[in-house]
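The shown structure was predicted, so the numbers you read here are calculated from the model rather than taken from an experiment. Proteins get letters first, then strands, A, B, ... in listed order; numbering begins at 1 in each.
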Amino acid sequence: MNSYEPIVLLLAAGAFGVYLLIRLRHLVAERGGRMLLFLALLVLPLALLQVGVTRTLTASKEKDFCTSCHEMEVYDTSLHIDDPEFIPAVHYQNRYVPQEKACYTCHTDYTLYGDFRAKLAGLNHVRVHYLGDVPPAGEVKLYEPYPNDNCLQCHRGARRFEKRSAHRTDGVTLEMLYSNQKSCVDSGCHDKIHDIKRLGKAELWGEPRFPVPDALKGAADEAPAAEDPFAAEDPFADDSGGAGAAGKAAGEEDSGAAKPAAELDDVDDLWADDDKAPEGAGDAKPEATKPETTKPEGEEPAAEGDAP
Amino acid sequence: MIPTNRLRAAVILVLTGILCEFIALIKLTPATFLLFAAIGIPCLVVGVMLYALDVLRRLREKAAL
């Protein structure tokens, strides 16, 4: 259905409703009129209800809807940070998540009621926006710690994810990640998320929908640099060559960290540490390294290692 | 047979619900979403129910049920 069709349908329905109201006395007196009322007051409203609910719920999953509140605009802009260490930015820019549904993809718990809970949370956001105390830009907090399941919905079972030595060392095991005992984002590993306070200083990729607020440009100079134990390590470089995160040569780390995301992905070699890989397999990377997801086909985040 | 106030109210409520839906479909923002969810949907549902109740009452009067 084209976007204008429901609007035309609704306009016609509205005009028809006014006609009903004016001609009501005549309509109830005739058999044909009563049939018309049956269609107009029972069948048509139910059909319109279905169309409206479906369309609004679908549209409310889009990033533009989420960032239509002023306080969320900076989060949209943060998706354009030109730094491969920023997890949301690199997922958005490389289309690892559908760009038009970036917020919804990563912030909806993938459980039976995840969608429903997200909608309830969204209604609460609207309440806070209009009636509550809106936190300043960059200080919007999650209701609860970010669950690993939201990451693992795509990464679980992925060959490159499971091969990565950092996911098997330093007290981190795949089991701990899979059971949510060790957080992906709060354990000092992938903690560069929407770093709004440093947004003013960051270089941006592409054309952000919203400019960086002037207040943040000033705050960027004052914000202390967050400690990041993996700052020198490029999170998208393949470290599965046996050396591990700590085993990399410092020169390599520095040069890697300075490269843009596109180049870093180019040097990734999915098969680098795989003795069992068939010859020439590096030319034919598998597409299905992830389990089936509930996301529509074509919108599924690209497999790790996919060159953008 | 004359239209009851219940039937008139049903028509008005359905029209109100459609209007809210119309606004939400033209430009969906959190405010228009809330308008549709909090006013439009209840109006449509109550309007349909009022109409259904009116029909049932008329059928009972005619001993058709």
Between A:A59, A:G52, A:S60, A:A40, which residue shows the highest count of heavy-atom pairs closer than 4.5 Å to chain B? A:G52
Largest heavy-atom contact set with chain B, pairs under 4.5 Å, which of A:L123, A:L46, A:L20, A:L37: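 With the most close heavy-atom pairs to chain B, the winner is A:L37.
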In this structure, are over 12 heavy atoms from other groups packed under 6.0 Å from A:F210 atom CZ?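 Count over threshold, so yes.
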Please determine whether the number of non-hydrogen atoms from other residues, nucleotides or ligands lying under 6.0 Å from atom CZ of B:R6 exceeds 12. yes
Indicate the ring-plane relationship of A:F38 and B:Y51, choosing parallel, tilted or perpendicular according to the 30° and 60° boundaries. tilted
Heavy-atom check, side chain of [X] versus side chain of [Y], under 4.5 Å:
X: A:L41; Y: B:V48; answer: no
X: B:F33; Y: A:V126; answer: no
X: B:R58; Y: A:R34; answer: no
X: B:V55; Y: A:L42; answer: no

Would you mind telling me which of B:I18, B:V14, B:L25 makes a side-chain contact (heavy atoms from CB on, under 4.5 Å) with A:L48?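 Answer to the side-chain contact (heavy atoms from CB on, under 4.5 Å) test with A:L48 among B:I18, B:V14, B:L25: B:I18.
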Rounded to the nearest 0.5 Å, what's the gap from CG on B:L44 to CD on A:Q50? Could you check? 12.5 Å
To the closest 0.5 Å, what do you measure between CG (A:D64) and OG1 (B:T29)?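 Here the rounded value is 12.5 Å.
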Tell me, side chain or backbone of [X] under 4.5 Å from chain A's heavy atoms, or both, or neither?
X: B:L15; answer: side chain
X: B:L28; answer: both
X: B:A31; answer: both

Interchain contact, A:T56 with chain B, by part (heavy-atom threshold 4.5 Å): both
If you compare all heavy atoms of A:L49 against all heavy atoms of B:E21, which two are closest, and at what distance to 0.1 Å? N-OE1, 4.2 Å
